[in-house]
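These values consider heavy atoms only, across backbone and side chains, with no hydrogens, waters or symmetry-generated copies. So that the names make sense, note that chain A is the first sequence line, chain B the second, and so on, each numbered from 1.
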Number of protein chains: 4
Amino acid sequence: MSDAADVAAESLKAFVDQIEKLEVEKQTIADAIKDVYAEAKANGFDVKILRRVIAIRKQDKSEREEMDALLELYMQALGMGYGRVEE
Amino acid sequence: MSDAADVAAESLKAFVDQIEKLEVEKQTIADAIKDVYAEAKANGFDVKILRRVIAIRKQDKSEREEMDALLELYMQALGMGYGRVEE
Amino acid sequence: MSDAADVAAESLKAFVDQIEKLEVEKQTIADAIKDVYAEAKANGFDVKILRRVIAIRKQDKSEREEMDALLELYMQALGMGYGRVEE
Amino acid sequence: MSDAADVAAESLKAFVDQIEKLEVEKQTIADAIKDVYAEAKANGFDVKILRRVIAIRKQDKSEREEMDALLELYMQALGMGYGRVEE
DNA sequence: CACTGGAAAATGCCGC
DNA sequence: GCGGCATTTTCCAGTG
């Protein structure tokens, strides 16, 4: 069983490495975001409010996407693609 | 006051854009991580266990960092900077 | 619906009282901890270092618990309960 | 210096033990609080709202205490104790 | 679809 | 009084 176990161990290690590498990247971005908020604060903006603005815009976008998806669904139900009348 | 307000608005917009761009990048990484977990699962690994392994390795690292911080504090308490005896 | 509402109100009040009582106890303990730190400081100990020491010991414990959790997961993954082979 | 160091080490250990013991107690209470919230939830109450209720009551209490302190201050400024006209 | 567990955000606290 | 740090609370994804 040693060969199969070795292969599994190799494979496991590869997954762990990949994930940890990505986690580092993610953390780097998260730190960058924190820096931007700090800079905004240094420029007199209220961080809490700024976060709310971002959150609302995100939600709006998500709602818009939902709308688009729904619209697309209707279109398909009517036998039409999106943005074109017919083929 | 229109000029000042304009400047502030410009500045705000810049901060929002920067953050939203970074958020997108972060989400992309997060999705990539999810994919890796999914792939590992497809290769027969137990995701829950895999997560624990990652968590423990993370804790190890965090503990090493705590140790370093403690050492640094000791150094400061002893009136020494980092890597030099005195000035 | 008045009876049901009354019961609910009674019940709610009981929960709130319980929580608030526990919160008071918790705060009392928190204050006691602060006092100990203050006393340690008065005895010449560096509070920041002391906190780090406590934090590291806490992490040690937490890591041991993570290890146990991992072991438990392995056991489950191998189709075994905790401390018995099978039923 | 061994004696002094020993005494310091003993003293340090005592403080650490005291704090850790108190931390355990604190955690026990915190767990109890969580349990109460869980029980409330099981009884159909919305935990998030319940938390808000507790928070508001806490704030009210703190405001009332501030009022009392202010009143006491006025009383003292007028040469009067609290709840009595004079001695 | 509710529940658990893990990430993000908000709050409070401490020292400078 | 403010900025960093620790705690607490909220949010979200995965799971059964």
Side-chain angles (χ1 to χ4, degrees), chain A residues 19 22-23 26-27 29-42 44 46-56 58-59 62, chain B residues 19 22-23 26-27 29-31 33-38 40-41 46-56 58-59 62 65-66 69-70 72-73 76-77, chain C residues 19 22-23 26-27 29-31 33-35 37-38 40-41 46-56 58-59 62 65-66 69-70 72-73 76-77, chain D residues 19 22-23 26-27 29-31 33-35 37-39 41-42 44 46-56 58-59 62:
Chain A
I19 291 167
L22 288 168
E23 292 278 3
K26 187 152 83 88
Q27 192 53 46
I29 311 265
D31 291 345
I33 291 174
K34 276 193 58 176
D35 286 350
V36 177
Y37 275 115
E39 200 192 336
K41 178 177 190 169
D46 183 309
V47 172
K48 197 175 162 187
I49 291 178
L50 188 48
R51 279 184 192 278
R52 284 215 201 286
V53 170
I54 301 275
I56 289 170
K58 197 172 179 177
Q59 192 174 347
S62 131
Chain B
I19 290 166
L22 288 168
E23 292 279 3
K26 188 151 81 87
Q27 193 52 47
I29 312 264
D31 291 345
I33 291 173
K34 278 188 53 175
D35 288 349
V36 177
Y37 275 115
K41 183 175 189 170
D46 182 315
V47 172
K48 212 166 175 183
I49 290 178
L50 190 48
R51 281 185 191 277
R52 285 276 179 211
V53 170
I54 301 273
I56 286 173
K58 200 171 179 178
Q59 269 206 330
S62 152
E65 283 166 1
E66 277 285 357
L70 181 58
E72 172 70 5
L73 276 183
Q76 285 173 5
Chain C
I19 290 166
L22 288 168
E23 292 278 3
K26 188 151 82 88
Q27 192 53 48
I29 312 263
D31 291 346
I33 291 172
K34 277 189 55 177
D35 287 350
Y37 275 115
K41 182 176 189 170
D46 182 314
V47 172
K48 210 166 175 182
I49 289 177
L50 191 47
R51 279 186 192 278
R52 286 278 177 207
V53 171
I54 301 273
I56 286 172
K58 199 171 178 180
Q59 270 208 329
S62 150
E65 284 166 1
E66 277 285 358
L70 182 56
E72 171 71 5
L73 275 184
Q76 285 175 5
Chain D
I19 291 167
L22 288 167
E23 293 278 3
K26 187 153 83 87
Q27 192 53 48
I29 311 264
D31 291 345
I33 292 174
K34 276 192 59 177
D35 287 350
Y37 276 115
E39 200 191 336
K41 178 177 189 169
D46 183 310
V47 172
K48 196 175 165 187
I49 291 178
L50 188 48
R51 280 183 192 278
R52 284 213 202 286
V53 170
I54 301 276
I56 288 170
K58 196 171 180 178
Q59 191 175 347
S62 134

(message) Restricting to side-chain hydrogen bond (donor to acceptor under 3.5 Å, both in side chains), what partner residues turn up for D46(A), sequence neighbours left out?
(response) none

(request) List in chain and number order the residues that pass side-chain hydrogen bond (donor to acceptor under 3.5 Å, both in side chains) with E39(A), two or more places apart in sequence or in another chain; answer none if no residue qualifies. (result) none

(message) Just the rounded figure in Å: distance from P of dA6(F) to CD1 of I56(C).
(response) 12 Å

(request) Using atom CD1 of I54(D) as one end and atom P of dT10(F) as the other, report the distance to the nearest whole Å. (result) 12 Å

(message) For nucleotides 3-16 of chain E, give me one character per nucleotide, 5' to 3': B if any protein heavy atom sits under 4.0 Å from the base, S if the only such contacts are to the sugar-phosphate, - if neither.
(response) S----SSSS--SS-

(request) Report the residues that fulfil side-chain hydrogen bond (donor to acceptor under 3.5 Å, both in side chains) with D35(B), sequence neighbours left out, ordered by chain and then residue number. (result) none

(request) Not counting sequence neighbours, which residues clear side chain to side chain contact (heavy atoms under 4.5 Å, CB included) with R51(D)? List them please. (result) Y37(D), V47(D)

(message) My understanding is that only residues two or more places apart in sequence, or in another chain, count here; which of them pass side-chain hydrogen bond (donor to acceptor under 3.5 Å, both in side chains) with E23(C)?
(response) none

(message) Measure CG/L22(D) against C1'/dT7(F) and give the value in whole Å, please.
(response) 17 Å

